Amino acid sequence: MTKKIENSLLFIWVVSFVAMLGSLYFSEIQQYEPCKLCWYQRILMYPIVIITTVAYIQKNARIAVTTAVFAIIGGCISIYHYGIQKFEFLSSSATTCGRVPCTGDYINWLGFITIPFLALIAFVLIAGASFYLLKASKEEQ
């Protein structure tokens, strides 16, 4: 395994770990109750931490397919979630999400950075690194 592949695995792990810690910070320390869409994003982000931990220890670059799939699905949910927070035409047709409305935004830094936006950035970084990892591992063979 080359250093580039090893660093890519480590990058995916760091991004997913920081995203996990961030979501836990908002829910457990700031006491922001996650909505249903936030839970779906967590369900897709948290396993990436565990999966890449094992892959890094085993030096297994084939895990990039799994992390890419998780990141793409999570990114799509994040885009939709961000859209119903920021665009009136989407939020007016959004269904009720449970006890906490999915249209609410606990944070709104600089007028556009919300929790789903932060999750989207993490999913995009993970997907990009996963595709790079797939390409690099094919070149190595």
Side-chain angles (χ1 to χ4, degrees), residues 1-91 93-141:
M1 174 178 282
T2 66
K3 197 68 174 164
K4 286 182 180 181
I5 292 174
E6 196 172 326
N7 288 341
S8 297
L9 277 172
L10 185 60
F11 178 77
I12 293 169
W13 181 83
V14 167
V15 170
S16 61
F17 187 71
V18 168
M20 182 185 73
L21 289 180
S23 71
L24 290 172
Y25 168 79
F26 285 129
S27 64
E28 302 304 317
I29 295 173
Q30 292 293 325
Q31 299 296 309
Y32 299 156
E33 186 175 344
C35 69
K36 206 175 265 189
L37 290 176
C38 288
W39 277 113
Y40 294 149
Q41 291 165 77
R42 287 178 177 204
I43 288 167
L44 291 161
M45 183 65 71
Y46 289 10
I48 296 173
V49 177
I50 297 165
I51 290 168
T52 52
T53 300
V54 173
Y56 187 79
I57 292 167
Q58 294 178 343
K59 308 290 188 217
N60 180 4
R62 291 176 297 174
I63 201 65
V65 173
T66 306
T67 57
V69 170
F70 276 51
I72 290 168
I73 295 169
C76 290
I77 294 169
S78 295
I79 288 170
Y80 174 70
H81 194 184
Y82 186 71
I84 64 172
Q85 284 184 334
K86 292 297 179 182
F87 302 112
E88 184 63 38
F89 70 94
L90 286 175
S91 64
S93 65
T95 59
T96 306
C97 226
R99 289 186 340 166
V100 178
C102 291
T103 55
D105 49 352
Y106 288 114
I107 65 168
N108 193 7
W109 301 331
L110 303 174
F112 71 97
I113 300 173
T114 63
I115 294 172
F117 182 81
L118 294 172
L120 175 61
I121 297 301
F123 283 126
V124 166
L125 290 172
I126 291 168
S130 297
F131 289 125
Y132 173 79
L133 189 55
L134 286 170
K135 183 180 177 223
S137 62
K138 279 187 181 178
E139 289 173 358
E140 186 180 90
Q141 294 176 356

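Sequential numbering from 1 along the given sequence is applied to the chain's residues. Note that this is a predicted model, so its numbers are computed, not measured.
- For the salt bridge (Lys or Arg N to Asp or Glu O under 4.0 Å) condition, the pairs that include at least one residue of residues 50-77, sequence neighbours left out, are Glu6-Lys59.
- In plain terms, the two heavy atoms of Phe70 and Leu44 that are nearest each other are CD2-O, 3.3 Å.
- Legend: side-chain hydrogen bond (donor to acceptor under 3.5 Å, both in side chains) pairs involving residues 101-110, not counting sequence neighbours, sorted by first then second residue: Lys86-Asn108.
- Remark: Ile73 CD1 to Tyr40 OH distance equals 13.5 Å, nearest 0.5 Å.
- Legend: salt bridge (Lys or Arg N to Asp or Glu O under 4.0 Å) pairs involving residues 23-35, not counting sequence neighbours, sorted by first then second residue: Glu33-Arg99.
- Every residue two or more places apart in sequence or in another chain was checked for a side-chain hydrogen bond (donor to acceptor under 3.5 Å, both in side chains) with Tyr132, and none qualifies.
- Of all non-hydrogen atoms in Leu133 and Ala64, the two that sit nearest each other are CD2-CB, 3.7 Å.
- The only option from Ile48, Val54, Ile50 that meets the side chain to side chain contact (heavy atoms under 4.5 Å, CB included) definition with Thr52 turns out to be Ile48.
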Donor-acceptor list for residues 9-19 side chains, cut-off 3.5 Å, not counting sequence neighbours:
| unit_1 | atom_1 | unit_2 | atom_2 | d |
| --- | --- | --- | --- | --- |
| Trp13 | NE1 | Thr53 | OG1 | 2.9 |
| Ser16 | OG | Ile12 | O | 3.0 |
| Ser16 | OG | Trp13 | O | 3.0 |

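- Gln41 contributes atom CD, which lies 11.0 Å from atom SG of Cys76 (distance to the nearest 0.5 angstrom).
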Throw together a table of side-chain donor-acceptor distances under 3.5 angstrom for residues 111-131, partners on residues two or more places apart or in other chains.
| unit_1 | atom_1 | unit_2 | atom_2 | d |
| --- | --- | --- | --- | --- |
| Thr114 | OG1 | Gln85 | OE1 | 2.9 |
| Ser130 | OG | Thr67 | OG1 | 2.7 |
| Ser130 | OG | Ile126 | O | 2.7 |

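- Shown here for His81 and Cys102, the closest heavy-atom pair between the two residues is NE2-O, 3.1 Å.
- Looking at heavy atoms from C-beta onward, Arg42 lies in side-chain contact with Ser27 at the 4.5 angstrom threshold.
- Rounding to the nearest 0.5 angstrom, the gap separating the CZ atom in Phe26 from the SG atom in Cys38 is 10.0 Å.
- Taking 4.5 Å as the limit, every side-chain heavy atom of Tyr25 sits out of range of all side-chain heavy atoms of Leu21.
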